[in-house]
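Read the structure below first, then the notes.
Convention: sequence-line order gives letters A, B, ...; per-chain numbering from 1.
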Number of protein chains: 2
Amino acid sequence: MSTDAVGVVAASTAAAGVAAAGAVAAGAAGMALPVARIAPRPVPPARSARVTEILQAALRLLEDEGAQSLTMRRLGEVLGIRAPSLYKHLPGKPAVETALIETALWEIGDVLHRVVDASGPDDVVGRLLAEYRRYALGRPNLYRLTAVDPLGRTDLTPGLEDWSGEPFYRATGEPYLAQALWAAAHGTVLLELAGRFLPGSDLDRTWAALARAFTVR
Amino acid sequence: MSTDAVGVVAASTAAAGVAAAGAVAAGAAGMALPVARIAPRPVPPARSARVTEILQAALRLLEDEGAQSLTMRRLGEVLGIRAPSLYKHLPGKPAVETALIETALWEIGDVLHRVVDASGPDDVVGRLLAEYRRYALGRPNLYRLTAVDPLGRTDLTPGLEDWSGEPFYRATGEPYLAQALWAAAHGTVLLELAGRFLPGSDLDRTWAALARAFTVR
DNA sequence: AGGCGTTGGCTAACAACGTTAGCTCCGGTG
DNA sequence: CACCGGAGCTAACGTTGTTAGCCAACGCCT
């Protein structure tokens, strides 16, 4: 995995195009897909160099050794310091997790917006799902982290989750269909990551069936 | 909540009708829905009276006080014994969780098979999803428990997960579409339980959009 | 009736976890 | 030169899952 993902996210600026708000009210019927970007990309919070280092280490630790290895002591260890010293930089473990979740949301948002930009009405849904799947499979433990708890919305960068989910709206042109598609992708990824589909299943076909269901016919 | 769910599950026998296996190979085109039951209902493992008591208490504890309250000490407390004594009956906490997950799978399977039995080709998908949602919302913490970890398949009653997922096949008539529908329902429930849809969303409409996507048109 | 093994409780304890309190050292600034 | 804040440290607390070892009660077999 790319170990400097946190740094990349913190550095990238990605001017998000803001589209005419009229597109929102247009409804689904006969609308051109994909819809243009609307929500502005939220600005990542400023972080000290040391904090960035810590989060990089945490991400690497999480992906390399699994969620149960992401402990404050182990995190300190890979950084060459003791666990209590981490509290000089971060308020606690939930803050580490929240920061990692934000990383995931930023990466997912960037990746999905980009693929929607590059797609036409016929293949948006399929390509969106493929990219969603590809991302989650590439960072399985990080993705799962985003799914565990009610996600302390409070200390999440405002607008981040909306912006990162917007590609689903852009792909469907209808907010509720967008939510359904997002949820479907989320569930399919989780089951695939957990290895819970019937053994021997050709998961490509499962994803294809999903794409077909959500493709306007 | 019904506190004796574990007992109910352990007691119920529910002779599952076994259908002609030919239906499996029939494919999706022009097939009558819903498909008949195929997989036999697995037989619940025999449990001592005390173990059943413990699992009932665990389920009640989980639903009443949340997952973070389901600790061995707290579980012992509500039973009037000390935590180590639990190990005279169960090998550890994972065993408690696995047993609860099995409870959920049995209940879900029963509920979904029943609703598919009572549905016609036009309304199967919608009613199946509605029932899935209703169950999960009624036992939120239990449902979440089934989603957390890779689900130690080893010590799960053989065939249980397949049988409990079969209603999705019965509703769609095609295995991969069934997997996609199951995954979509799973994801939507998880996001709803986690409160992660946009605030103010009318979730009924999200579920309706999902049902529409999976309804053969 | 008497020994005896199994069942099911107990306490004490361990390792690992997140976290807090309080000390120290070191580098920059007045 | 004084000092002050940043960033490390150790010690410790409370919780968690879990193990070891002890003991009382009950059923059973001779």
At under 4.0 Å, does any side-chain N or O of A:Ser85 touch on OP1 or OP2 of D:dC9?
yes
Does the side chain of A:Arg82 get closer than 4.0 angstrom to OP1 or OP2 of D:dT10 through an N or O atom?
yes
Nearest to side-chain heavy atoms of [X], which nucleotide of [options]:
X: B:Ile81; options: C:dC10, C:dG8, C:dG18; result: C:dC10
X: B:Tyr87; options: D:dT19, C:dG9, C:dT19; result: D:dT19
X: A:His89; options: D:dG8, C:dT19, C:dC10; result: D:dG8

Please name the pair of heavy atoms, one in [X] and one in [Y], separated by the smallest distance, quoted to 0.1 Å.
X: B:Tyr132; Y: B:Ala185; answer: CD2-CB, 3.8 Å
X: B:Glu131; Y: B:Arg134; answer: OE2-NH2, 2.7 Å
X: A:Thr157; Y: A:Val43; answer: CG2-O, 3.8 Å

Might you confirm whether atom CZ of A:Arg82 has over 12 heavy atoms from other residues, nucleotides or ligands at distances under 6.0 Å?
no
Selection: residues 71-80 of chain A, any non-hydrogen atom under 4.0 Å of DNA chain C:
A:Thr71, A:Met72, A:Arg73
Value in whole Å for how far the [atom2] atom of [N] lies from [atom1] of [X]:
X: B:Leu70; N: D:dG17; atom1: CG; atom2: C1'; value: 12 Å
X: B:Gln68; N: C:dC17; atom1: CD; atom2: P; value: 20 Å
X: A:Glu53; N: D:dA7; atom1: CD; atom2: P; value: 11 Å
X: A:Glu97; N: C:dC17; atom1: CD; atom2: C1'; value: 13 Å
X: A:Leu86; N: C:dT20; atom1: CG; atom2: P; value: 13 Å

If you restrict it to nitrogen or oxygen atoms, what contacts under 3.5 Å exist between nucleotides 21-27 of chain D and the protein, and what is each distance?
none

Using a 4.5 Å cut-off on heavy atoms from C-beta on, say whether the side chain of A:Arg170 contacts that of A:Val124.
no
Within the structure shown, what part of the strands sits under 4.0 Å from B:Pro91 by heavy-atom distance: base, sugar-phosphate, or nothing?
nothing
Look at the aromatic rings of B:Phe197 and A:Trp182 and report parallel, tilted or perpendicular, splitting at 30° and 60°.
perpendicular
Take the angle between the ring planes of B:Phe214 and A:Phe214 and call it parallel below 30°, perpendicular above 60°, tilted in between.
perpendicular
Does this structure show an ion pair linking B:Glu161 with A:Arg196, if we count only N-O contacts that are shorter than 4.0 Å?
yes
Sort out for me which residue in B:Leu193, B:Val189, B:Leu62 forms a side-chain contact (heavy atoms from CB on, under 4.5 Å) with B:Arg144.
B:Leu193
